[in-house]
Amino acid sequence: MAPSPPPEPSFDALKPLKVQGLPPAGYYIPNFITEEEEELLLRKVAESPQPKWKTVGSGRRLQYWGGTLTKSNILVPEPMPDWLSAHPDIVARIDTFLDVAAGLPENSDAHALGVNQVLVNEYQPGQGISPHEDGPAFRPLVATLSLGAYTVLDLHHYISPSAPSPPMIPTEGSVGRAIAAVPLGHVLLMPRSLFILSGSAYSAHLHGIAERSADWVVRDAAVQSSTVDADGAPPVVVANAPLLGDAEVQAAIASDGGWRAERGTRVSLTFRHAERVLKGGAFAMVGGRMQRT
Ligand SMILES: O=C(O)CCC(=O)C(=O)O
Ligand SMILES: [Fe+2]
């Protein structure tokens with residue numbers, strides 16, 4: 001029997017960090033980790049053995065920690081490495097943060113998220129990820145830590161195929177459903193920030209990162225024209241501008257010229273919970289049922 005998902009937490013304590021004007025619900029936490037922790041995590045990702053890396057799409061590289069999914073969406077668990085679970089204790093910190101935000105009792109076995117997989121993505125400037133849903137294998141609550149460089153995450157929505165001349169872009173994974181060509185919103189993810197997507201923002205919408213090497217963030221749609229800037233970046237309005245916690249960037253966004261930036265190498269860590277986990281871990285795959293005493 002498929003486990004029933006826990007009720008969607010309301011995250012009352014996170015209200016001040018809620019990104020306004022997005023479909024519910026996204027939360028942005030600036031400087032969730034320190035610069036030293038960021039440096040350490042980047043080093044650990046870079047030092048990971050070659051076979052941990054997979055290359056996908058337009059050259060984006062990724063790593064899975066905590067295990068990978070079988071074809072039938074069951075996580076074959078592996079122990080988390082120390083650099084995610086102990087020094088720094090980033091997995092526990094994210095779980096505790098979300099538990100407190102969801103008002104769960106301390107030291108309870110049930111977690112709002114209960115991280116059991118960490119997906120690492122590495123993007124060079126010009127690389128992105130096409131609009132997608134992470135899918136039903138995961139709890140509809142994910143937390144993404146950005147390292148090394150900023151990016152702009154786009155939120156997209158499906159449109160009804162019967163809408164008049166719907167503007168469409170190809171979908172990834174969800175065959176046959178049209179996606180509106182114009183994103184519903186944008187979020188600026190600065191290094192060391194944590195971005196939390198939950199509920200319908202996770203399960204009824206799509207997220208993606210445009211393949212650009214520069215961005216132009218403007219204060220409101222009125223500043224926008226149909227033009228792109230010298231780097232080929234279209235003007236975007238980001239929904240989390242008031243939450244950035246960076247006075248300089250916020251002042252630039254508020255100015256007439258907007259904030260222009262070039263992308264660097266960005267590494268993201270996405271913390272999520274696979275709903276179904278293989279008992280006995282990898283041993284169960286090769287040796288049948290593992291006996292524990
Ligand atoms: O890099 C990010 O912020 C998003 C990554 C993502 O959505 C994914 O790998 O599923
Ligand atoms: Fe995703």
Side-chain angles (χ1 to χ4, degrees), residues 19 22-23 25-30 32-33 38 41-42 45 52-69 73 75 84 90 94 113 115-158 169 171-174 177 179 183-213 215 236 238-240 244 263-275:
V19 180
L22 278 188
Y27 303 87
Y28 182 83
I29 301 100
F32 188 79
I33 57 167
E38 177 187 31
L41 291 170
L42 282 170
V45 167
K52 271 312 261 193
W53 288 106
K54 314 250 174 304
T55 302
V56 294
S58 58
R60 175 168 56 94
R61 298 200 304 162
L62 52 86
Q63 302 173 354
Y64 291 99
W65 295 97
T68 53
L69 295 185
N73 282 343
L75 181 75
L84 287 169
I90 197 73
I94 287 172
L113 176 54
V115 176
N116 60 11
Q117 194 197 47
V118 181
L119 167 60
V120 177
N121 277 287
E122 181 200 67
Y123 306 82
Q124 302 301 335
Q127 294 179 339
I129 182 166
S130 46
H132 66 280
E133 294 176 65
D134 287 8
F138 297 99
R139 190 166 284 181
L141 175 65
V142 290
T144 300
L145 193 60
S146 293
L147 308 173
Y150 84 91
T151 199
V152 174
L153 184 83
D154 304 324
L155 290 163
H156 299 259
H157 61 294
Y158 292 110
I169 51 177
T171 65
E172 187 178 89
S174 188
R177 293 188 73 186
I179 304 173
L184 204 62
H186 309 273
V187 187
L188 177 55
L189 304 181
M190 298 301 269
R192 299 179 295 286
S193 71
L194 188 71
F195 182 59
I196 294 159
L197 267 180
S198 86
S200 80
Y202 175 90
S203 53
H205 296 87
L206 308 99
H207 53 275
I209 296 170
E211 293 184 342
R212 280 201 297 269
S213 51
D215 293 273
V236 296
V238 298
N240 64 326
L244 288 172
R263 292 189 185 177
T265 302
R266 169 176 178 267
V267 169
S268 68
L269 307 186
T270 297
F271 298 82
R272 49 192 189 180
H273 175 90
E275 299 282 12

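Counting convention: from 1, in listed order, for ligands and their atoms alike.
Formation of a donor-acceptor pair under 3.5 Å by the N116 side chain with backbone atoms of A274 is found in this model. Without hydrogens or angle criteria, E275 side chain to P136 main chain gives no donor-acceptor distance under 3.5 Å. Side chain of D154 to main chain of H186: no donor-acceptor pair is present (N/O by atom type, distance under 3.5 Å, no hydrogens or angles). Between the side chain of Q117 and the backbone N or O of G67, at least one donor-acceptor pair lies under 3.5 Å. In this structure, the side chain of R139 engages the main chain of L113 through a donor-acceptor pair within 3.5 Å.
Vertex the Fe ion (ligand 2); arms to H207 NE2 and H132 NE2; angle rounded to 10 degrees, 90°.
Under a 4.0 Å criterion applied to the non-hydrogen atoms of L119, ligand 1 contributes the atoms 8 (C), 9 (O). Each of the atoms 3 (O) of ligand 1 lies under 4.0 Å from some heavy atom of T144. Close contacts between ligand 1 and D134 involve ligand atoms 10 (O) [criterion: under 4.0 Å to a heavy atom]. Near I129, the atoms of ligand 1 lying under 4.0 angstrom from a non-hydrogen atom of the residue are 6 (C), 8 (C), 9 (O).
Note: no N/O pair closer than 3.5 Å links R272 and ligand 1 by distance alone. The distance criterion of under 3.5 Å between nitrogen or oxygen atoms is met by R266 with respect to ligand 1. Considering backbone and side-chain atoms alike, H207 places an N or O below 3.5 Å from some N or O of ligand 1.
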Practice item. List the steps and the verdict of side chain to side chain contact (heavy atoms under 4.5 Å, CB included) for I90 and I94. Key: CA-CA 6 Å; I90 197 73; I94 287 172; 4.3 Å; yes

Review point. Yes or no on side-chain hydrogen bond (donor to acceptor under 3.5 Å, both in side chains) for Q127 and R60, after CA distance, side-chain angles and deciding distance?
Key: CA-CA 6 Å; Q127 294 179 339; R60 175 168 56 94; over 6 Å; no

Exercise for review: With side-chain hydrogen bond (donor to acceptor under 3.5 Å, both in side chains) as the test, would you mind laying out the steps for E122 and T265 before giving the verdict?
Suggested key: CA-CA 7 Å; E122 181 200 67; T265 302; over 6 Å; no

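With respect to the Fe ion (ligand 2), D134 has OD1 as its nearest N, O or S atom.
When each of T144, L119, L145 is checked for a side-chain contact (heavy atoms from CB on, under 4.5 Å) with F271, only L145 meets the rule.
The single protein non-hydrogen atom nearest to atom 10 (O) of ligand 1 is H132 NE2, 3.0 Å, given as residue, atom name and distance. Taking atom 9 (O) of ligand 1 as the reference point, the nearest protein heavy-atom neighbour is N121 ND2, 2.8 Å.
Residue E133 does not count as close to the Fe ion (ligand 2), with no N, O or S atom under 2.8 Å.
Only the side chain of Y123 comes within 4.0 Å of ligand 1, counting heavy atoms alone; its backbone N, CA, C and O stay farther away. Of all the heavy atoms of T151, none lies under 4.0 Å from any atom of ligand 1, so neither backbone nor side chain is involved.
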